[in-house]
S.K.: 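First the structure, which I've put down as structure tokens, then a few questions once you've had a look.
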Amino acid sequence: MSAPAPSAPVYPLVQRTLHWLVALCLLALLPLGFYIEGYETEAVEAANAALGPGGFDLLYALHKSFGLTVLGLMVLRVVARAAMGEPAYARPLSRPLRLASHSVHMLLYALLILTPIVGWIGVSAYPAPADFWFVADLALPIAPNRELSETLLEDVHAPLAILLMILALAHVLAALKHRFIDRDEVMGRMIGR
Ligand code: HEM
Ligand code: HEM
């Protein structure tokens, strides 16, 4: 156990900001995704009763808007990561830990890009609008194909999202372990101190 070194390297502000914006979006996306899934009559009625007519469709539009926002943020993140790399560790992690952490981070990047792309193609093929914050319908110009849409949304988008959720949870627990059990500088790399 030791106090964080005052000069411990941190991620540049732009990467920290993108990290936390994506994390916030996920916090909204996952519950919305599970709520809208399957267009269940009970869920539709409850949302319309609570939010007024069109309430359920509003939740759908919000899920898609947050999802497309994550995709946009991730494009910026990949560019930022490629341009700025990652800061050195104040105290190098052990090789297996480094490998595990790097693999989870890269898998998270992949899932945060693939999951929204599959959702996007899925709704476009339905064909349904790909709402973007009530200002645009970003549906892709692809031929309507209900079967493809349902396969993509149910058999690909949902499992990817669930895997993403599990990995994100493991990631958060690992970060908290660094902070409160190991008491090292790892969490500081992303909170900026
Ligand atoms: C990182 C981004 C995203 C995450 C983490 C995410 C997550 C989820 C989750 C957890 C579900 C419920 C899955 C289930 O149990 O069946 C879901 C459903 C859904 N998502 Fe996403 N989503 C994302 C992006 C998008 C985008 C960009 C779109 C479309 C533009 C989209 C469209 C849908 C639709 C239409 C459903 C409901 C499918 C059904 O009715 O079975 N998602 N999403
Ligand atoms: C309370 C929530 C969270 C905490 C405390 C947290 C903490 C951290 C920390 C400390 C790092 C730097 C690790 C290192 O450099 O060794 C990091 C990196 C990262 N986090 Fe999180 N995180 C959280 C939520 C999330 C969520 C929800 C996601 C997305 C699913 C995510 C995705 C990532 C990715 C992809 C990296 C690697 C960044 C890079 O190297 O470019 N994090 N996080």
Side-chain angles (χ1 to χ4, degrees), residues 8-12 15-16 18-40 43 59-74 77-78 80-82 84-90 92-93 97-98 100-126 128-132 137-140 149-180 184-192:
V10 298
Y11 278 90
Q15 276 170 287
R16 298 201 307 268
L18 290 169
H19 173 272
W20 292 113
L21 285 177
V22 169
L24 279 179
C25 286
L26 268 199
L27 215 56
L29 259 171
L30 291 170
L32 282 169
F34 289 122
Y35 193 80
I36 61 171
E37 183 265 314
Y39 224 104
E40 302 290 340
L59 300 183
Y60 240 93
L62 283 176
H63 179 82
K64 295 176 193 173
S65 302
F66 273 113
L68 292 170
T69 301
V70 165
L71 184 58
L73 292 171
M74 287 310 294
R77 228 172 139 180
V78 168
R81 182 70 154 74
M84 301 170 188
E86 67 166 322
Y89 284 92
L93 301 181
L97 202 58
R98 182 75 205 102
S101 125
H102 194 254
S103 313
V104 170
H105 292 165
M106 291 306 110
L107 209 52
L108 283 171
Y109 267 91
L111 288 169
L112 286 164
I113 292 168
L114 272 178
T115 312
I117 289 179
V118 172
W120 193 5
I121 300 175
V123 294
S124 306
Y126 191 71
D131 312 273
F132 188 68
D137 172 3
L138 301 183
L140 299 164
S149 164
E150 284 173 0
T151 304
L152 286 178
L153 289 171
E154 286 163 28
D155 300 341
V156 187
H157 184 68
L160 286 179
I162 289 166
L163 183 59
L164 172 58
M165 187 176 68
I166 293 168
L167 277 179
L169 195 66
H171 167 76
V172 173
L173 291 177
L176 293 175
K177 177 182 178 290
H178 278 289
R179 186 71 169 183
F180 297 109
D184 61 20
E185 301 87 356
V186 170
M187 177 86 107
R189 289 157 63 77
M190 207 40 104
I191 54 180

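Atoms within a ligand are numbered from 1 in the order they appear, just like the ligands themselves.
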S.K.: Would Ser101 count as being in polar contact with ligand 2, using the rule that some N or O on each side must be under 3.5 angstrom apart?
M.R.: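 So ligand 2 has no N or O lying under 3.5 Å from an N or O of Ser101.
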S.K.: At a 4.0 Å threshold, what atoms of ligand 2 neighbour a non-hydrogen atom of Ala175?
M.R.: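 Those atoms are 5 (C), 7 (C).
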S.K.: Any sub-3.5 Å donor-acceptor pair from Trp120's side-chain atoms to Gly67's backbone N or O?
M.R.: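 Checking the backbone N and O of Gly67 against the side chain of Trp120, no donor-acceptor pair under 3.5 Å is found.
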S.K.: State the atoms of ligand 1, each with its element, that fall below the 4.0 Å cut-off from a heavy-atom position in Gly67.
M.R.: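 Checking each atom against Gly67, I get 24 (C), 27 (C).
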S.K.: Relative to the heavy atoms of Gly38, which atoms of ligand 1 are at a distance of less than 4.0 Å?
M.R.: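 Counting from 1, the qualifying ligand atoms are 39 (C), 40 (O), 41 (O).
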S.K.: Indicate yes or no: at least one non-hydrogen side-chain atom of Leu138 is less than 4.5 angstrom from one of Asp131.
M.R.: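 Result no, sub-4.5 Å side-chain heavy-atom pair not found.
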S.K.: Can you list the ligand 2 atoms lying under 4.0 Å from a non-hydrogen atom of Leu108?
M.R.: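 Those of ligand 2 that fall under 4.0 Å from Leu108 are 30 (C), 32 (C), 35 (C).
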S.K.: Which residue and atom name correspond to the protein heavy atom nearest atom 16 (O) of ligand 2, and how close is it?
M.R.: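 Among all protein heavy atoms, the one nearest atom 16 (O) of ligand 2 is Tyr89 OH, 2.3 Å.
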S.K.: Looking only at protein heavy atoms, which one is nearest to atom 3 (C) of ligand 1, and how far off is it?
M.R.: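 I find the closest protein heavy atom is Leu29 CD1, 3.7 Å.
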S.K.: Considering Met165, Arg77, Met187, Arg81 one by one, which has a heavy atom nearer to atom 41 (O) of ligand 2 than any of the others?
M.R.: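 Nearest option to atom 41 (O) of ligand 2, by heavy atoms: Arg81.
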S.K.: Would the distance check show the side chain of Arg189 and the main-chain N or O of Ala88 forming a donor-acceptor pair, the cut-off being under 3.5 Å?
M.R.: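 Pair found, side chain donor or acceptor close to backbone of Ala88.
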S.K.: Can you list the ligand 1 atoms lying under 4.0 Å from a non-hydrogen atom of Leu164?
M.R.: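 Per the distance check, 5 (C).
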S.K.: Would you mind checking if Arg98 and Glu86 are paired as a salt bridge, meaning a charged N to carboxylate O distance below 4.0 Å?
M.R.: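 Yes, charged N to carboxylate O under 4.0 Å.
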S.K.: With the threshold set at under 4.0 angstrom, would you say Tyr60 reaches ligand 1 through any of its heavy atoms?
M.R.: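 Yes.
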S.K.: Would a 4.5 Å heavy-atom cut-off, applied to side chains only, mark Tyr89 and Asp184 as touching?
M.R.: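 Not touching, per the 4.5 Å side-chain cut-off.
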S.K.: Which angle, to 10 degrees, forms at atom 21 (Fe) of ligand 2 with NE2 of His19 on one side and NE2 of His171 on the other?
M.R.: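 Reported to 10°, the angle equals 180°.
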S.K.: I need the atoms of ligand 2 closer than 4.0 Å to a non-hydrogen atom of Ala23, numbered in the order shown.
M.R.: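 Checking each atom against Ala23, I get 27 (C).
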S.K.: Could you tell me which N, O or S atom of His157 is nearest to atom 21 (Fe) of ligand 1?
M.R.: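 It is NE2, the N, O or S atom of His157 closest to atom 21 (Fe) of ligand 1.
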S.K.: Could you pull out, from Leu26, Leu153, Leu112, the option with a heavy atom nearest to atom 34 (C) of ligand 1?
M.R.: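 Of the listed residues, Leu153 has the closest heavy atom.
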S.K.: What part of Phe66, side chain, backbone, both or neither, has a heavy atom within less than 4.0 angstrom of ligand 1?
M.R.: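 Under 4.0 Å from ligand 1, Phe66 contributes no heavy atoms.
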S.K.: Taking heavy atoms and a distance under 4.0 Å, where does Asp131 meet ligand 1: side chain, backbone, both or neither?
M.R.: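 No part of Asp131 is near ligand 1 at this cut-off.
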S.K.: Looking only at non-hydrogen atoms, which of Gly33, Pro159, Ala128 approaches atom 11 (C) of ligand 1 most closely?
M.R.: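 Looking at heavy atoms only, Gly33 sits closest to atom 11 (C) of ligand 1.
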S.K.: Please tell me if the side chains of Asp137 and Phe132 come closer than 4.5 Å, counting only heavy atoms from C-beta onward.
M.R.: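 Asp137 does not reach Phe132 side chain to side chain.
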S.K.: Considering Ala161, Ala139, Ala158, Ala168, which one's heavy-atom position lies nearest to atom 7 (C) of ligand 1?
M.R.: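 Among Ala161, Ala139, Ala158, Ala168, the closest heavy atom to atom 7 (C) of ligand 1 comes from Ala161.
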S.K.: Considering residues, nucleotides and ligands other than Tyr35, do more than 12 of their heavy atoms fall under 6.0 Å from its OH?
M.R.: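 Correct, the count exceeds 12.
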S.K.: Side chains of Leu26 and Leu112, heavy atoms from C-beta outward: is any pair under 4.5 Å?
M.R.: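 SC-SC contact between Leu26 and Leu112 confirmed.
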S.K.: Can you sort out which atoms of ligand 1 are near Gly119, meaning under 4.0 Å from one of its heavy atoms?
M.R.: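 Listed by number with element: 28 (C), 29 (C), 31 (C).
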S.K.: For the residue pair Val10 and Arg16, establish whether any side-chain heavy-atom pair is separated by less than 4.5 Å.
M.R.: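 A side-chain contact exists here, since the closest heavy-atom pair is under 4.5 Å.
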S.K.: Does the side chain of Ile121 come within less than 4.5 Å of Ile117's, by heavy atoms?
M.R.: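 They are in side-chain contact.
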S.K.: For atom 35 (C) of ligand 1, tell me which residue out of Val118, Leu160, Val123, Leu140 has the closest non-hydrogen atom.
M.R.: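 Nearest heavy atom to atom 35 (C) of ligand 1 lies in Val123.
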S.K.: Would a 4.5 Å heavy-atom cut-off, applied to side chains only, mark Tyr11 and Met84 as touching?
M.R.: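 Not touching, per the 4.5 Å side-chain cut-off.
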S.K.: Please report which non-hydrogen protein atom sits nearest to atom 15 (O) of ligand 2, along with the residue it belongs to and the distance in Å to one decimal place.
M.R.: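 Closest protein heavy atom to atom 15 (O) of ligand 2: Arg189 NE, 2.8 Å.
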S.K.: What residue and atom, counting heavy atoms only, is the protein's closest point to atom 13 (C) of ligand 2, and at what distance?
M.R.: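 Nearest neighbour among protein heavy atoms for atom 13 (C) of ligand 2, to 0.1 Å: His105 CE1, 3.6 Å.
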S.K.: Look at the rings of His63 and His157 and say which category their plane angle falls in: under 30° parallel, 30 to 60° tilted, over 60° perpendicular.
M.R.: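 Taking His157 first and then His63, their aromatic rings stand perpendicular (interplane angle over 60°).
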S.K.: Who's closest to atom 12 (C) of ligand 2 heavy-atom-wise, of Tyr11, Tyr109, Trp20?
M.R.: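 Minimum heavy-atom distance to atom 12 (C) of ligand 2 goes to Tyr11.
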S.K.: What residue and atom, counting heavy atoms only, is the protein's closest point to atom 1 (C) of ligand 2, and at what distance?
M.R.: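 Looking only at protein heavy atoms, the one closest to atom 1 (C) of ligand 2 is Val172 CG1, 3.8 Å.
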S.K.: Using a 4.0 Å heavy-atom threshold (strictly under), name the region of His63 that reaches ligand 1: side chain, backbone, both or neither.
M.R.: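 For His63, the contact with ligand 1 is made by the side chain alone.
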S.K.: Taking only heavy atoms of Lys64 into account, list the atoms of ligand 1 that are under 4.0 Å away from them.
M.R.: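 Atoms satisfying the 4.0 Å criterion: 29 (C), 30 (C).
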S.K.: Do side-chain atoms of Gln15 reach the backbone of Gly85 as a donor and acceptor pair under 3.5 angstrom?
M.R.: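 Checked: pair present.
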S.K.: Starting from atom 9 (C) of ligand 2, what is the nearest protein heavy atom, named by residue and atom, and what distance separates them?
M.R.: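 For this ligand atom, the closest protein heavy atom is Met190 CB, 3.5 Å.
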S.K.: Decide yes or no for Val123 and Lys64: does some side-chain heavy atom of the first lie under 4.5 Å from some side-chain heavy atom of the second?
M.R.: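 When only atoms from C-beta onward are counted, Lys64 and Val123 do touch, with a gap below 4.5 Å.
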S.K.: Can a donor-acceptor pair be found, under 3.5 Å and without considering hydrogens, that links the side chain of Ser124 to the backbone of Leu140?
M.R.: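 Answer holds: yes.
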